[in-house]
Amino acid sequence: MVARIFALEPLLVALGIGLVGAILAAIIRAVKGDGAGSVALRALETFLTAALGAFLARTFISLVLDLGGNTDGTVVVTSLLFTIWPGVINLVSWAFGDPIIGVDGLLWIALVIGGLVGLNDGLWAIQRWLGFGVLTFLLDVTWGLAGSTNGVLLHLINIVWGDHADGEPESRQSAHRYKSGFCLKKDFAFTQGAVMSRMLHTSSGDHRPGSDLHNHEFIHVWQNRILGPFFWFSYMGWMAVLFLPALIVGAIAKSVGNTILYWCYYDDPWEVMAYTIANKSSRTGPDWQCWPLPVAIPLNVLVTAGLAAFFAWIVSVGF
């Protein structure tokens, strides 16, 4: 266990990611006009967060794999729960033999994901190190790694057409905020891990820290940090369970699109929580589609309990 965690090659690669991050940070901050001292500090922060992110993510996955004895089942379940997309590949390939991505491959994937999480965190200075920054950083590269995997994908997509908010009051907010970038629906924000995308809307303006929408999305950031892999599993599980009923009822009521949108999204337990706490007035619609809380909460609890049992069974397969 210890030998695998402190193997020389992964450590050197982690340091290499940190070095690349430091160079990128220095270039970007210099272009933005920061002073020499500020540039140096940002480069140092990015080096540390990128290198540590890579090391911690790989270490976490290594420990999880050890818990299950590094079996094929452990590799498949771990990759699915904590990196999602490599896990889907492994799940399909396992049905026909052995998982394509083995222990070593999964460890390298975790190292790269953690490194990119740390690189972006340092580059944009999102962590509040004098507050909860150490905790949030650790959660993002370990327990919340699945959401962070999609967050890294958002970063990569938004390099081309996103606009990352920068400077005060954006820094040290414990989350990234892209004004433009990827989204699933016009004037809807999209958050994965600690990365918020498309926060500037044509209908309601720029949603900065402290706004209702920012508070809503920040709740999702913490849902991922606290619930870890169960967050994405139960969120997508709810959609899978409700899609067919919504399709049937929507077809009968001649409102297929809206019924699917309300039942699968607005009535999702984690969305109900976020809307109720942060922006309750934004969750409105006919009661049979946008369920009132006395209806939504019991159904949320019932379905989520069933998904939790299914989640526990999946974990038992690998461990």
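- Contact record, Asn215 with Gly210: ND2-O, 3.5 Å, taken as the closest heavy-atom pair.
- Trp85 has its side chain out of reach of Leu80: every pair of non-hydrogen atoms, C-beta onward, lies at least 4.5 Å apart.
- No donor-acceptor pair closer than 3.5 Å links the side chain of Ser38 to the backbone N or O of Gly35.
- Ser171 pairs by the side chain to side chain donor-acceptor pair (under 3.5 Å) definition with Glu168, not counting sequence neighbours.
- To the nearest 0.5 angstrom, Ile101 atom CD1 is 11.5 Å from Leu91 atom CG.
- The closest side-chain donor-acceptor pair between Ser255 and Gln289 falls under 3.5 angstrom.
- Thr276 contributes no side-chain N or O that, together with a main-chain N or O of Met273, makes up a donor-acceptor pair within less than 3.5 Å.
- Counting only N and O atoms by type, the side chains of Glu170 and His164 include no donor and acceptor under 3.5 Å apart.
- Formation of a donor-acceptor pair under 3.5 Å by the Asp212 side chain with backbone atoms of Asn279 is not found in this model.
- The distance between the ring centers of Phe55 and Phe6 falls below 6.0 angstrom.
- When all heavy atoms are compared, the tightest approach of Thr259 to Ala246 is CG2-O, 3.5 Å.
- Side chain of Ser93 to main chain of Ile100: a donor-acceptor pair is present (N/O by atom type, distance under 3.5 Å, no hydrogens or angles).
- Under the 4.5 Å side-chain heavy-atom criterion for Ile, Leu, Val, Met, Phe, Trp and Tyr, Leu119 and Leu138 are members of distinct hydrophobic clusters.
- Here the straight-line distance linking atom CD1 of Ile61 with atom CD1 of Ile109 works out to 10.0 Å at 0.5 Å rounding.
- No side-chain heavy atom of Val77 sits under 4.5 Å from any side-chain heavy atom of Asn90.
- Put simply, Val2 and Ile5 are part of the same group of oily side chains (I, L, V, M, F, W, Y) that touch within less than 4.5 Å, one to the next.
- Two different hydrophobic clusters hold Ile126 and Leu145 under the rule that ILVMFWY side chains link at heavy-atom gaps under 4.5 Å.
- Heavy-atom contacts from other residues, nucleotides or ligands closer than 6.0 Å to CG of Leu130 number 12 or fewer.
- Relative orientation of the Trp291 and Trp238 rings is perpendicular, given thresholds of 30° and 60° on the angle between their planes.
- Residues Ile314 and Phe311 form no side-chain contact, since every pair of their non-hydrogen atoms from C-beta on lies 4.5 Å or further apart.
- Rounded to the nearest 0.5 Å, atoms CD1 (Ile260) and CE (Met239) are 11.0 Å apart.
- Residue pairs satisfying the salt bridge (Lys or Arg N to Asp or Glu O under 4.0 Å) criterion with at least one member in residues 119-148, sequence neighbours excluded, are listed as follows: Asp140-Arg225.
- For the pair Val117 and Val152, the minimum side-chain heavy-atom distance is below 4.5 Å.
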Tyr235 and Gln223: CA distance, side-chain angles, deciding distance, side chain to side chain donor-acceptor pair (under 3.5 Å) verdict: CA-CA 11 Å; Tyr235 195 110; Gln223 285 169 341; over 6 Å; no
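- Here Leu154 pairs with Asn158, Phe182, Phe190, Gln192, Val195, Ser197 under the side chain to side chain contact (heavy atoms under 4.5 Å, CB included) rule; sequence neighbours left out.
- Ring pair Tyr178/His155: centre-to-centre distance below 6.0 Å.
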Worked verdict on Trp108 versus Val13 for side-chain contact (heavy atoms from CB on, under 4.5 Å): CA-CA 10 Å; Trp108 281 113; Val13 173; 3.7 Å; yes
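- Connectivity analysis of hydrophobic side chains (ILVMFWY, heavy atoms under 4.5 Å, direct or indirect) links Leu302 to nothing; its cluster partners are none.
- No more than 12 heavy atoms of other residues, nucleotides or ligands shown are found within 6.0 angstrom of CZ on Phe243.
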From CA spacing to verdict: side-chain contact (heavy atoms from CB on, under 4.5 Å), Leu107, Leu65: CA-CA 9 Å; Leu107 291 174; Leu65 291 172; 4.2 Å; yes
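- Looking at residues two or more places apart in sequence or on another chain, you find a side chain to side chain donor-acceptor pair (under 3.5 Å) between Glu45 and Trp129, Arg172.
- With sequence neighbours left out, Thr71 forms a side chain to side chain donor-acceptor pair (under 3.5 Å) with Thr74.
- Every side chain to side chain contact (heavy atoms under 4.5 Å, CB included) that Leu227 has, sequence neighbours left out, goes to Phe231, Trp270.
- Taking a cutoff of 4.0 Å between a charged side-chain nitrogen and a carboxylate oxygen, Asp66 and Arg4 qualify as a salt bridge.
- Between the side chain of Trp94 and the backbone N or O of Asp72 there is no donor-acceptor pair closer than 3.5 Å.
- Judged by distance alone, the side chain of Trp232 and the main-chain N or O of Leu81 form a donor-acceptor pair under 3.5 Å.
- Residues passing the side chain to side chain contact (heavy atoms under 4.5 Å, CB included) test with Cys290 are Tyr262, Arg283, sequence neighbours excluded.
- For residues 26-41, the set of pairs meeting the salt bridge (Lys or Arg N to Asp or Glu O under 4.0 Å) definition, not counting sequence neighbours, comprises Arg29-Asp34, Arg29-Asp166, Lys32-Asp166.
- Residues that satisfy the side chain to side chain donor-acceptor pair (under 3.5 Å) test with Thr191, not counting sequence neighbours, are Glu217.
- Side-chain heavy atoms closer than 4.5 Å link hydrophobic residues (I, L, V, M, F, W, Y) into clusters, and following such links, possibly through other members, connects Val303 to Tyr265.
- Using cut-offs of 30° and 60° for the angle between ring planes, the Trp313 and Phe310 rings count as parallel.
- Formation of a donor-acceptor pair under 3.5 Å by the Thr136 side chain with backbone atoms of Gly133 is found in this model.
- Although no hydrogens or angles enter the test, the distance criterion places no donor-acceptor pair under 3.5 Å between the side chain of Ser148 and the main chain of Gly151.
- By the side chain to side chain contact (heavy atoms under 4.5 Å, CB included) test, Leu67 is found to be paired with Phe319, residues two or more places apart in sequence or in another chain being considered.
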From CA spacing to verdict: side-chain contact (heavy atoms from CB on, under 4.5 Å), Val103, Asn70: CA-CA 7 Å; Val103 170; Asn70 299 286; 4.2 Å; yes
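- Leu12 shares a hydrophobic cluster with Leu8; the chain of contacts runs through ILVMFWY side chains whose heavy atoms sit under 4.5 Å apart.
- Taking CG from Leu56 and CG from Leu139, the interatomic distance works out to 11.5 Å, rounded to the nearest 0.5 Å.
- Of the possible donor and acceptor atoms, one in the side chain of Thr49 sits under 3.5 Å from a partner among the backbone N and O of Gly118.
- A donor-acceptor pair is defined here as one N or O able to donate and one able to accept, closer than 3.5 Å; such a pair exists between the side chain of Asn300 and the backbone of Asp267.
- In this structure, the separation between CG on Leu63 and OG1 on Thr142 is 10.5 Å, given to the nearest 0.5 Å.
- By the 4.0 Å N-to-carboxylate-O rule, Arg177 lies too far from Asp163 to be salt-bridged with it.
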Verdict with supporting geometry, Arg208 and His214, side-chain contact (heavy atoms from CB on, under 4.5 Å): CA-CA 6 Å; Arg208 300 174 182 272; His214 191 278; over 6 Å; no
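- A chain of hydrophobic side-chain contacts below 4.5 Å, direct or via other Ile, Leu, Val, Met, Phe, Trp or Tyr residues, connects Tyr275 to Leu242.
- Remark: Arg198 CZ to Lys185 NZ distance equals 13.0 Å, nearest 0.5 Å.
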